[in-house]
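Data block below; observations after.
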Amino acid sequence: MDVFYFVVQQTMFFAIPLLLVAIGGMYAERSGVINIALEGIMVMGAFTGILFISEMGDSMSGQGLLILAILIAGITGMVFSLLHAFASINMKADQTISGTALNLFAPAFVIFAARMLNGVQQIPFEDTFRIPSVPVLGDIPVIGDMFFKNTYLTTYVGILLYVIAAFVIAKTRFGLRLRACGEHPGAADSVGVKVGRIRYAGVIISGFLGGVGGLVFVVPTSTNFNATVAGYGFLALAVMIFGQWRSGKILGAAFFFGVMKTMASAYTSVPFLKGLGLPNDVYKMIPYIATLIVLIFTSKSSQAPKAEGIPYDKGAR
C-alpha cells in the first residue's frame, strides 16, 4: 500500500500543473485564439515565482511565501500573454508564429536575467512548503494517506482554480460569451458582444493559469529552477486536445498523463517497473510516446472551436 500511496501522491504533483495549464489553453482557444505559447508562459511564471522565493526566503518561509509566489507567477503569466493577445487580436498575426516566438523568447530571457542576477542560470530555492500531514484530514484512513500527507498547498490551489475555471466557462454569462466568440464571433458581435475584449480576457486568463502552472510544476518536483519546465506546456496542449477542449474531459486527460509522467520519473520506487530492467531513457520517453499514441487515435474526432485561430474582422462580416 505504501507504493500505491506514493504513486498517487506523485501523480498529483505532475497532474495538477498539467490540469491548470490545459484549462488555461482551453480558455484562450475557446475564445478563438490559438495559444501554443503555454510553454513560454510557464517558464516566465516559474521564473518570477521562484526568484521571489529565492530572494525572500531569508525573511519569509512556509505557505505565506508560497501563496505570494503563486500570485506573482500568475500576474507574470498574464502580462506575458498580453504580447500574444496583442499580436493575435490587434495585429491579426499568425497565432502559431506568435506563440512560437514567445516560446523561444521566454527561456532565452530567463537565462539572461538569471545570469545577470545570480551569475548562473540556475535559481536555487529552499523547499519549506511540503506538508507532512494536513491536520485532521491527514488522519482519515486511506484517503488521508493518498491526498493529505506529504503534499503541497499547490495541489489544493490547483484544484480550486480548476473548479472555478470549469464553473465560469460552463455556467456564467461570461463563459457563454467566450464560447460564442470561439464558435461564431460574427453572431456574438451582432448581439453586442465585444469579440476583441472577450478574446483578450480568454488569453489573459490563459496566461494567469499558465504562469501559476509553471510554479506549481517546479515547487513540488525540484529545488532548482533551470529555465525549463521540461516540455510541460506542450504536453498540456496534448491534454487539452485529448480532452476535446472540455473541462471535464481535460480533468481525466491530465490525470492520465500524470500517471504516465509518474511512471517515467519515479519508476525506481515502483518494484514492478524497476524489475522490468528497461533502460532509463525508455521510461523517460513514456509520457511523450503516450502523447503521440493518444493524439493519433483522437485527432480525427477533434472538436476544436470553429473560429479558433481565425482573426475576427468586424468590417468583413
Aromatic ring pairing Phe217/Phe14, orientation class (parallel under 30°, perpendicular over 60°, tilted between):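 Correct class here is tilted.
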
With a 4.5 Å heavy-atom cut-off, do [X] and [Y] have their side chains touching?
X: Ile41; Y: Met44; answer: no
X: Pro287; Y: Phe257; answer: no
X: Trp245; Y: Pro305; answer: yes
X: Ile89; Y: Pro311; answer: no
X: Val216; Y: Val157; answer: no
X: Met12; Y: Leu19; answer: no
X: Ile164; Y: Phe167; answer: no

Go through the steps for Asp189 and Tyr312 under the test side chain to side chain contact (heavy atoms under 4.5 Å, CB included), then give the verdict. CA-CA 10 Å; Asp189 186 26; Tyr312 178 63; 2.8 Å; yes

Exam field: side chain Gln121 to backbone Ile111, donor-acceptor pair closer than 3.5 Å: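 No, because the side chain of Gln121 does not come within donor-acceptor range (under 3.5 Å) of the backbone of Ile111.
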
N/O donor-acceptor pair under 3.5 Å between Asp145 side chain and Tyr5 backbone: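 Not confirmed, Asp145 side chain does not pair with Tyr5 backbone.
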
Quick one: do [X] and [Y] end up in the same hydrophobic cluster if we chain Ile, Leu, Val, Met, Phe, Trp and Tyr together by side-chain heavy atoms under 4.5 Å apart?
X: Val168; Y: Val33; answer: yes
X: Leu71; Y: Ile159; answer: no
X: Leu38; Y: Val294; answer: yes

State yes or no: are the ring centers of Phe129 and Tyr152 separated by less than 6.0 Å? no

I want to know whether Phe225 and Phe125 have ring centres closer than 6.0 Å. no

Atom pair CZ (Arg199) and NZ (Lys194), whose distance is rounded to the nearest 0.5 Å: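 With rounding to 0.5 Å, CZ (Arg199) is 15.0 Å from NZ (Lys194).
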
In terms of side-chain heavy atoms, does Asn35 have a donor or acceptor partner in Glu29 at a distance below 3.5 Å? no

Run Thr223 and Asp127 through side-chain hydrogen bond (donor to acceptor under 3.5 Å, both in side chains) and show every step you take. CA-CA 6 Å; Thr223 56; Asp127 183 359; over 6 Å; no

Assess whether atom CD of Glu126 is packed by more than 12 heavy atoms of other residues, nucleotides or ligands within 6.0 Å. no

